[in-house]
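Basis for what follows: all heavy atoms, side chains included, without hydrogens, waters or symmetry-related copies.
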Amino acid sequence: MLFTSFVLLTLLPAVFGQSWQQYLNGLVQALNTDGLTTLASASAALNSSSAGQQVAQILSTGNWTLFAPNNQAFNSTPINLTSDPTSIRDLLSYHVVHGNFTDQTSSYPNITLGRTLLNDSSLVQLEGNESQVLAWSKGSNGIFVLNNGTTVSVVNKTAYQNVQVLVIDSVLKIPQNLSDTISNSTYDVTTLAGGLSSINLPTNDSITLLNVLNNASGITLFAPNNSAIATANCIGGLLPNNTALIALFGNHVINGTTVYSPAFTNGNNYTSASGEPFAFKTNSSGVYVSSGGSNWAGIMRSDVLTSNGVVHVIDSVLLDKKVNVSAAVSAYQSATSVAASMTTETGPVGVTPTTSAGH
């Protein structure tokens with residue numbers, strides 16, 4: 001894990017510390033030379049805390065991609081880059097991706113994802129203590145990042161030693177929790193958010209299904225959009241049977257595994273939180289998902305990142321109310337076992353297993 005790497009790095013002799021400090025000084029100078037003076041000041045501030053120093057140490061070896069906000073991006077974002085060293089570290093960590101593979105970026109609507117340095121447990125709750133990811137794609141004008149419902153353009157490219165620097169026109173926002181994400185009208189799933197928050201667990205009526213999903217470590221939610229919920233007659237027919245509703249919406253969830261869009265067609269098998277098998281298909285009109293042999297729903301928007309997983313917006317409710325408890329338990333136990341032995345991707349997430357031990 002990155003935390004382990006941080007600890008080991010702090011035990012290295014002082015001569016190495018001098019080396020990473022020289023590296024950081026050189027990076028700051030290079031950013032200033034390229035006109036990224038605000039980012040340079042923030043990067044220099046890494047040296048003001050032990051956690052920030054650990055980030056600089058990690059950057060000094062291996063290959064990295066830095067999505068670097070320009071000065072105008074910082075000027076239009078209400079961020080205080082001097083008051084809180086932890087916030088500075090977290091913000092910069094989310095702009096740094098393991099590896100240098102943006103030449104492999106897929107063209108939209110396909111999406112490429114990379115694992116960042118951000119693994120502050122107060123902001124990231126992915127399975128296996130994995131670091132947060134960043135999602136981007138490529139259009140007619142080049143690479144753009146998909147961030148909090150907006151697109152952030154890469155406007156220039158440069159490099160510093162082992163770091164590819166992609167200059168962007170906005171400061172990236174760290175993914176929010178699931179509840180806040182699906183309550184954002186940008187994604188057109190606010191009806192689902194309200195519904196999940198009204199479904200109480202049969203065993204504890206003070207806990208809602210949304211509470212459970214919010215607190216999971218690693219969650220994939222196929223979220224029917226507002227019109228899909230409005231036209232799904234089956235939902236009204238299940239009211240007020242919370243157990244039946246939990247079974248239905250459980251077949252929209254993969255528990256314990258964050259499945260990003262590149263993995264839909266990689267041959268892996270996924271089981272829903274209600275124990276039903278997911279299936280995917282792709283044709284000229286898009287990518288589709290089904291649960292337990294039910295109807296096919298089109299994936300309208302993929303890779304909406306949350307602090308503890310990912311949301312994929314779909315155009316229909318998956319009409320599967322079946323439950324297989326043993327299959328659900330087995331799938332979750334398998335996911336937990338896999339998460340415990342995860343490695344850090346140094347290439348596109350969910351594609352080719354280009355990994356290095358530890359994270």
Discussion item. For a quick test of reading the model, state the closest non-hydrogen atom pair linking H95 to I168 and the distance between them.
Written reply: CD2-CD1, 4.0 Å
Discussion item. Determine whether Q164 and T102 satisfy the following criterion, side chain to side chain donor-acceptor pair (under 3.5 Å), listing intermediate values before the conclusion.
Written reply: CA-CA 9 Å; Q164 176 181 238; T102 53; 2.7 Å; yes
Discussion item. I'd like to know if I254 and L126 are part of one continuous hydrophobic network [Ile/Leu/Val/Met/Phe/Trp/Tyr, side-chain heavy atoms within less than 4.5 Å].
Written reply: no
Practice prompt. Please report the closest heavy-atom contact between A297 and L318, naming both atoms and the distance.
Written response: CB-CD2, 3.7 Å
Worksheet item: Between the side chains of D320 and S294, does any donor sit under 3.5 Å from an acceptor?
Response: no
Discussion item. Are W64 and F101, when compared by the centres of their aromatic rings, separated by less than 6.0 Å?
Written reply: no
Worksheet item: Can we call the ring centroids of H312 and F222 under 6.0 Å apart?
Response: yes
Worksheet item: Going by heavy atoms in the side chains, are L36 and V167 under 4.5 Å from each other?
Response: yes
Item to complete: Show your working on salt bridge (charged side-chain N to carboxylate O under 4.0 Å, His left out) between D120 and R89 and close with a plain yes or no.
Response: CA-CA 9 Å; D120 184 334; R89 177 205 65 191; 3.1 Å; yes
Discussion item. Is there a path of hydrophobic side-chain contacts, each under 4.5 Å between heavy atoms, that joins V259 and V133?
Written reply: no
Worksheet item: Under 3.5 Å, is there a donor-acceptor pair between the side chain of T220 and the main chain of V310?
Response: no
Fill in: Value rounded to 0.5 Å, distance of OG in S261 from CZ in R301
13.0 Å
Worksheet item: Is there side-chain contact between S49 and T86, with heavy atoms separated by less than 4.5 Å?
Response: no
Fill in: Members sharing V329's hydrophobic cluster (side chains within less than 4.5 Å)
V323, V325
Worksheet item: Hey, any chance Y332 and L209 share a hydrophobic cluster, counting ILVMFWY side chains that come within less than 4.5 Å of each other, even indirectly?
Response: no
Worksheet item: Between the main-chain N or O of G99 and the side-chain N or O of T65, is there a donor-acceptor pair closer than 3.5 Å?
Response: yes
Fill in: N162 side chain vs G62 backbone, donor-acceptor pair below 3.5 Å
yes
Item to complete: Could you tell me whether the side chains of N268 and Y270 share a donor-acceptor contact shorter than 3.5 Å?
Response: yes
Discussion item. Taking the side chain as everything from C-beta on, heavy atoms only, tell me whether V97 gets closer than 4.5 Å to W136.
Written reply: yes
Item to complete: Could you tell me which residues satisfy ring-ring contact (aromatic ring centres under 6.0 Å, His included) with Y160, sequence neighbours excluded, listed by chain and number?
Response: Y23
Practice prompt. Answer yes or no: is there a side-chain heavy-atom contact under 4.5 Å between F67 and L134?
Written response: yes
Worksheet item: Can you list the steps and then say if T116 with V96 is a side-chain contact (heavy atoms from CB on, under 4.5 Å)?
Response: CA-CA 5 Å; T116 73; V96 177; 5.9 Å; no
Practice prompt. With sequence neighbours excluded, tell me which residues meet side chain to side chain donor-acceptor pair (under 3.5 Å) with T186.
Written response: N184
Practice prompt. List the atom of N119, the atom of S131, and the distance in Å for their closest heavy-atom pair.
Written response: CB-OG, 3.3 Å
Worksheet, complete the sentence: Taking every heavy atom of A232 against every heavy atom of V317, the minimum-distance pair comes out as CB-CG2, 3.6 Å
Worksheet item: So, N147 side chain and T150 main chain: donor-acceptor pair closer than 3.5 Å or not?
Response: no
Worksheet item: Is there a chain of hydrophobic side chains (I, L, V, M, F, W, Y, each step under 4.5 Å between heavy atoms) that links Y288 to I299?
Response: no
Discussion item. Has T112 got a side-chain atom pairing as donor or acceptor with S106's backbone, closer than 3.5 angstrom?
Written reply: yes
Item to complete: Let me see the working for K321 and N251 under side-chain contact (heavy atoms from CB on, under 4.5 Å), right down to the final yes or no.
Response: CA-CA 7 Å; K321 301 184 288 292; N251 284 320; 5.7 Å; no
Item to complete: Indicate yes or no for a side-chain donor-acceptor contact from S197 to the backbone of A193 under 3.5 Å, with no hydrogens or angles considered.
Response: yes
Worksheet item: Any side-chain donor paired with an acceptor under 3.5 Å for T37 and N71?
Response: yes
Fill in: Test item: S274 side-chain N/O and E276 main-chain N/O as donor-acceptor pair under 3.5 Å
no
Worksheet item: Does a sphere of radius 6.0 Å around NZ in K173 hold more than 12 heavy atoms from other residues, nucleotides or ligands, not counting ones at 6.0 Å or beyond?
Response: no
Worksheet item: Do N211 and T208 get their side chains close enough for a donor-acceptor pair, meaning under 3.5 Å?
Response: yes
Worksheet item: side-chain contact (heavy atoms from CB on, under 4.5 Å) between I174 and L118: does it pass, once the steps are laid out?
Response: CA-CA 9 Å; I174 295 171; L118 179 66; 3.6 Å; yes
Discussion item. Counting only heavy atoms from other residues, nucleotides and ligands, does the tally under 6.0 Å from CG of N141 exceed 12?
Written reply: no
Item to complete: Check the side chains of N156 and T158 for a donor-acceptor pair under 3.5 angstrom, ignoring hydrogens and angles.
Response: no
Worksheet item: If you measure from CG on L238 to CG on L248, what distance do you get to the nearest 0.5 Å?
Response: 6.0 Å
Discussion item. Whether the side chain of H98 engages the backbone of G347 through a donor-acceptor N/O pair (distance < 3.5 Å, no angle test) should be reported.
Written reply: no
Item to complete: To the nearest 0.5 angstrom, please state how far the CH2 atom of W20 sits from the CG atom of N25.
Response: 8.5 Å
Item to complete: Kindly check if the number of other-residue, nucleotide or ligand heavy atoms within 6.0 Å of CD (Q72) is above 12?
Response: no
Discussion item. Would you say that N63 contacts T346 through its side chain, given a criterion of any heavy-atom pair below 4.5 Å between the two side chains?
Written reply: no
Item to complete: Using the side chain to side chain donor-acceptor pair (under 3.5 Å) rule, take S217 and E127 through it: C-alpha gap first, then chi angles, then the decisive distance, then the call.
Response: CA-CA 5 Å; S217 293; E127 66 273 25; over 6 Å; no
Worksheet entry | Residues, nucleotides or ligands: over 12 heavy atoms within 6.0 Å of N75 CG | yes
Fill in: Heavy-atom side-chain proximity of L117 to V55 below 4.5 angstrom
yes
Worksheet item: What pair of heavy atoms forms the shortest contact from A273 to N255, and how long is it?
Response: CB-CB, 4.2 Å
Discussion item. Under the criterion side-chain contact (heavy atoms from CB on, under 4.5 Å), I'd like the reasoning laid out for N308 against N177: C-alpha separation, chi angles, the key distance, then a yes or no.
Written reply: CA-CA 7 Å; N308 69 332; N177 64 31; 5.8 Å; no
Discussion item. Is the shortest side-chain heavy-atom distance between Q104 and P348 below 4.5 Å?
Written reply: yes
Worksheet item: How about I235 and L245: do any of their side-chain heavy atoms sit closer than 4.5 Å?
Response: yes
Item to complete: Mind checking the CG-OG1 spacing from L221 to T306? Nearest 0.5 Å is all I need.
Response: 9.0 Å
Worksheet entry | Distance, nearest 0.5 Å, that separates OG of S291 from NE2 of H252 | 7.5 Å
Worksheet entry | Donor-acceptor contact below 3.5 Å, side chain N32 vs main chain V28 | yes
Item to complete: Without swapping roles, check the side chain of N214 against the backbone of L178 for a donor-acceptor pair under 3.5 Å.
Response: yes
Worksheet item: Can you name the nearest heavy-atom pair linking V152 to L172, along with the distance?
Response: CG2-CD2, 4.0 Å
Practice prompt. To the nearest 0.5 Å, tell me how far Y260 OH sits from D303 CG.
Written response: 8.5 Å
Practice prompt. Determine, using ring centers only, whether F280 and F264 are less than 6.0 Å apart.
Written response: yes
Worksheet item: Any chain of hydrophobic side-chain contacts (each under 4.5 Å) joining L319 to I314?
Response: no
